[in-house]
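Per chain, numbering begins at 1; letters A, B, ... match sequence-line order.
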Amino acid sequence: MKIATWNINGVKARIANLCEWLESSAPDVVCLQEIKSVDEGFPRLEIEALGYHVETHGQKGFNGVAILSKMKPDEVSRGLPGDDQDEQARFIEAVFSIDGGVVRICSLYLPNGNPADDPVKYPYKLAWMERLKAFAESRLALEEPFILAGDYNVIPEPHDCRDPKLWEGDALFLPKTRQSFRRLENLGLVDAVRATSDDPLLYSFWDYQAGAWQKNNGIRIDHLMLSPEASDRLLSASIEKHVRSWEKPSDHVPVAAVFDF
DNA sequence: ATGGCCCAGTGTCTGGGA
């Protein structure tokens, strides 16, 4: 099974790219972020025509996540537990039957948190990460294949960006952000890309501005984090960098992992 | 030349992204 995550930066602006990528990459499950659409506005017909089920959790204007899948999910839930006041559409979970059990797959869009000195934005990011940790603990207790995939807005280590000096003080790279991400890893979650590659130049995002793509001035912020039961069955992982050179690209590219289930 | 963008809706500008 091939499972991918991709921040598409607007599903309606990206529908041609998305369909072309679905056909060429042929993932079984796709976690999308920043669909920037309400559920009723999501272009589901085009995607269903390619043989995918569509589950969305959208809102007006920005944010929004979705899970596309060749198999029909057994269960779907929307929203990250832990704060009933949180209106932002950043989390959806689906459960699929596989040989001998199930796999749980979540599509998450972790808050950016900038500017870091904002009285609301950075504390919201850190609180969201705490909620994610609590959720992960509850799911890890099930001892099932479990995949937390998405745009984490976290640069985990200095080698996950081209120029760490540029990111000092940024909410994506602040010590507290990285510490919170390590807490997730320390629960037993494994980063699929780092588990399968030593390449120091692996990025998943290049800014539209300042020729970042042409200069390979990128950052690695889109991650598939695996439970031990999923990590046991990981075969390979890849960053589908070529998609960034397509016409009218998202600023993120798909990241995918292949499992022997 | 050390900067250069893009998306959706509130809509010919603003807010948000990273």
Student: Please give the distance between the C1' atoms of dT10(B) and dG15(B) as a whole number of Å.
Tutor: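 Straight-line distance between the two C1' atoms is 9 Å.
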
Student: Between dG11(B) and dG16(B), how far apart are the two P atoms, rounded to whole Å?
Tutor: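 It comes out at 15 Å once rounded to the nearest Å.
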
Student: What residues form a ring-ring contact (aromatic ring centres under 6.0 Å, His included) with Phe91(A), not counting sequence neighbours?
Tutor: Phe135(A)

Student: 5' to 3' on DNA chain B, which nucleotides open and close the contacts with chain A (atom under 4.0 Å from a heavy atom)?
Tutor: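 Terminal contacting nucleotides, 5' to 3': dG4(B) to dA18(B).
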
Student: Sequence neighbours left out, cut at 3.5 Å: what donor-acceptor pairs do the side chains of residues 41-49 of chain A make with other protein atoms?
Tutor:
unit_1	atom_1	unit_2	atom_2	d
Arg44(A)	NH1	Glu48(A)	OE2	3.0

Student: Under 4.0 Å between any heavy atoms, over every strand shown, what does Asp151(A) touch: base, sugar-phosphate, or nothing? Just pick one.
Tutor: sugar-phosphate

Student: With the side chain counted from C-beta on, respond yes when Ile105(A) and Ile3(A) share a heavy-atom pair under 4.5 Å apart, and no when they do not.
Tutor: yes

Student: Taking the side chain as every heavy atom from C-beta outward, state whether Tyr124(A) and Lys121(A) have any pair of such atoms under 4.5 Å apart.
Tutor: no

Student: Quick one: on DNA chain B, does Asp251(A) or Lys248(A) contact a more 5' nucleotide (nearest heavy atom)?
Tutor: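 In this pair, the answer is Lys248(A).
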
Student: Do Glu144(A) and Ser227(A) get their side chains close enough for a donor-acceptor pair, meaning under 3.5 Å?
Tutor: no

Student: Touch check for Asp170(A), heavy atoms < 4.0 angstrom, all strands: base, sugar-phosphate only, or nothing?
Tutor: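 It contacts nothing in the nucleic acid.
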
Student: Looking across every strand, which nucleic acid part, if any, lies under 4.0 Å from Lys121(A) by heavy atom: base, sugar-phosphate, or nothing?
Tutor: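 Result for Lys121(A) = sugar-phosphate.
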
Student: For a quick test of reading the model, state the closest non-hydrogen atom pair linking Ser180(A) to Met129(A) and the distance between them.
Tutor: OG-CB, 3.2 Å

Student: In whole angstrom, give me the gap between the C1' atoms of dT2(B) and dT14(B).
Tutor: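 Rounded to whole Å, the distance is 29 Å.
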
Student: Sticking with atom P, work out how far dC13(B) lies from dG3(B), rounded to a whole angstrom.
Tutor: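 These two P atoms come out 26 Å apart once rounded.
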
Student: Side chains of Arg162(A) and Asn216(A): does their closest heavy-atom pair fall under 4.5 Å?
Tutor: yes

Student: Looking at every strand, decide which applies to Ala210(A) at a 4.0 Å heavy-atom threshold: base, sugar-phosphate, or nothing.
Tutor: base

Student: Using the closest heavy atom to pick a nucleotide of DNA chain B for each, name whichever of Ile219(A) or Ser37(A) lands nearer the 5' end.
Tutor: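 Looking at DNA chain B, the more 5' nearest nucleotide goes with Ser37(A).
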
Student: When we call it a touch if two heavy atoms are under 4.0 Å apart, what does Asn9(A) touch: a base, just sugar-phosphate, or nothing?
Tutor: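 Sugar-phosphate contact only.
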
Student: Which part of the nucleic acid does Asn217(A) contact within heavy-atom distance under 4.0 Å: base, sugar-phosphate only, or nothing?
Tutor: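 Result for Asn217(A) = nothing.
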
Student: Considering only the C1' atoms, how many Å lie between dC7(B) and dT12(B), rounded to the nearest integer?
Tutor: 16 Å

Student: Contact class for Tyr152(A) vs. all strands (heavy atom < 4.0 Å): base, sugar-phosphate, or nothing?
Tutor: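 Here Tyr152(A) touches no strand at all.
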
